[in-house]
Amino acid sequence: MISALTPDESFPGPVAPETPPPRAVRLDAGPARRPGEPKLLISLATYNEAGNVEALIAEIHKVAPHADVLVIDDNSPDGTGQIAARLAETDPRVQVLHRPGKLGLGTATLAAMKFAMARDYDFLLNMDADFSHPPRYLPGILAGMSKHDLMIGSRYTRGGATENWPLTRRLISQSVNMLVRLTFRMPVKDASGAFRCYRVSMLRNAELDRVRSRGYSFQQEVLFRCHKSGAKLGEYPILFENRRAGVSKVNKAEAVRSISMILYIGLRNVFGLEQRRG
């Protein structure tokens, strides 16, 4: 048996925890979490990542053996969901949420947040599933959570970089981040990366039901909602690497829509229309 949720894309708040079904347990399922050690959930949103998901989970558990991993699969035609389900059958640290189709990274991340809140995790750490976010940076990002509510695996803070990006891509990415800093007024250099660790108690107060974005602008907007809630933001330098297998899902039309959404929210913020409720 595997642990899975019924897909629910609304986000009014956490749902009641479900009792997980019984499952087989491997003898090598990892050491028990030490007393006082934060309860950590790592989320991976997948679509056609059959060539990456098993190896990635193995590398995650080499550096974070106590972490639970939630795979949120959008009915990948290449069988990614079935691979994750097979892993979940024998490793209690792996759980799978099967969704009926390609619903997008934003809704997948919101589903992971709901999952983490419902099950009282301390930290939720989100990673891309294609090895562009190397697991070797997990200890540094998690260490930063001792002083912050949200840590970003940052390409643009001092010591960070991208691997073999063409000049055009770097200019677009850095320009969008500059626009976000100016209009969202957040003290971070990389507001668009998805490699992040969230304090779950902070997420409960971040008014995530107000998040409008579902595409690429989701990362900037959810960071903005956390910042508005008073979250302490930190950055840890990473090298953003090229994917090891599969193909990129970059969508130019979605990129245009996302820039429009960033402008909309940013201008509302500049003119004082994005105040917290109450």
Just by modelled atom types, is the [Y] backbone N or O under 3.5 Å from a matching donor or acceptor in the [X] side chain?
{"X": "S175", "Y": "L171", "result": "yes"}
{"X": "D74", "Y": "L103", "result": "yes"}
{"X": "N177", "Y": "A191", "result": "yes"}
{"X": "E163", "Y": "N242", "result": "yes"}
{"X": "T157", "Y": "S154", "result": "no"}
{"X": "Q95", "Y": "V71", "result": "no"}
{"X": "D130", "Y": "R243", "result": "no"}
{"X": "R196", "Y": "Q219", "result": "yes"}
{"X": "D190", "Y": "R155", "result": "yes"}
{"X": "T107", "Y": "G104", "result": "yes"}

Show, in sequence, the C-alpha distance, side-chain angles and deciding distance for D73 and Q82, and conclude whether the side-chain contact (heavy atoms from CB on, under 4.5 Å) test is met. CA-CA 9 Å; D73 185 68; Q82 287 68 38; 5.8 Å; no
When rounded to the nearest 0.5 angstrom, what is the spacing between [atom1] in [X] and [atom2] in [Y]?
{"X": "E207", "Y": "F224", "atom1": "CD", "atom2": "CZ", "result": "10.0 Å"}
{"X": "E241", "Y": "D128", "atom1": "CD", "atom2": "CG", "result": "12.0 Å"}
{"X": "F218", "Y": "T109", "atom1": "CZ", "atom2": "OG1", "result": "4.5 Å"}
{"X": "I42", "Y": "L70", "atom1": "CD1", "atom2": "CG", "result": "11.0 Å"}
{"X": "M151", "Y": "C197", "atom1": "CE", "atom2": "SG", "result": "8.5 Å"}
{"X": "N48", "Y": "S76", "atom1": "CG", "atom2": "OG", "result": "5.0 Å"}

Y156: which other cluster members, linking ILVMFWY side chains closer than 4.5 Å, directly or transitively? W165, F240
Pairwise side-chain contact, [X] with [Y], heavy-atom cut-off 4.5 Å (strictly under):
{"X": "F131", "Y": "L56", "result": "yes"}
{"X": "L125", "Y": "M145", "result": "no"}
{"X": "L208", "Y": "K114", "result": "no"}
{"X": "I60", "Y": "L138", "result": "yes"}
{"X": "V69", "Y": "L44", "result": "yes"}
{"X": "L40", "Y": "L142", "result": "yes"}
{"X": "L233", "Y": "L223", "result": "yes"}
{"X": "F195", "Y": "I238", "result": "yes"}

If you look only at pairs with a residue in residues 222-231, which of them pass as a side-chain hydrogen bond (donor to acceptor under 3.5 Å, both in side chains), with sequence neighbours excluded? E221-R225, R225-E274, K228-N269
Please name all residues satisfying side chain to side chain contact (heavy atoms under 4.5 Å, CB included) with S217, sequence neighbours left out, ordered by chain then number. S213, Q220, S258, M261, I262
Given D91 and R86, is the salt bridge (Lys or Arg N to Asp or Glu O under 4.0 Å) satisfied, shown in steps? CA-CA 9 Å; D91 190 340; R86 174 174 53 79; over 6 Å; no
Give the C-alpha distance, both sets of side-chain angles, the deciding distance and a yes or no for side-chain hydrogen bond (donor to acceptor under 3.5 Å, both in side chains) between Y198 and N126. CA-CA 8 Å; Y198 303 88; N126 184 76; over 6 Å; no
Check against side-chain contact (heavy atoms from CB on, under 4.5 Å), Y236 and I152: CA-CA 6 Å; Y236 183 84; I152 301 167; over 6 Å; no
The single option from L110, T46, L97 passing side chain to side chain contact (heavy atoms under 4.5 Å, CB included) against I72: L97
Does the Lys NZ or Arg CZ of R181 fall within the cation-pi geometry relative to F184 - under 6.0 Å from the ring centre and within 45° of the axis? no
Side chains of [X] and [Y] only: does a donor on one sit below 3.5 Å from an acceptor on the other?
{"X": "R268", "Y": "T183", "result": "no"}
{"X": "D78", "Y": "Y47", "result": "no"}
{"X": "E49", "Y": "N52", "result": "yes"}

Neighbour count >12 (heavy atoms, 6.0 Å) for atom NZ, K232: no
Does a salt bridge link K62 with E59, judged by any charged N lying under 4.0 Å from a carboxylate O? no
Does a salt bridge link D120 with R204, judged by any charged N lying under 4.0 Å from a carboxylate O? yes
Shortest non-hydrogen contact from [X] toward [Y]:
{"X": "A67", "Y": "R93", "result": "O-CB, 3.7 Å"}
{"X": "V96", "Y": "A88", "result": "CG2-CB, 4.0 Å"}
{"X": "A45", "Y": "L105", "result": "CB-CD1, 3.7 Å"}

Evaluation steps, side-chain contact (heavy atoms from CB on, under 4.5 Å), between N75 and H98: CA-CA 7 Å; N75 197 23; H98 297 281; over 6 Å; no
Go through the steps to decide whether L41 and M113 satisfy the test side-chain contact (heavy atoms from CB on, under 4.5 Å), and finish with yes or no. CA-CA 10 Å; L41 178 68; M113 291 174 173; over 6 Å; no
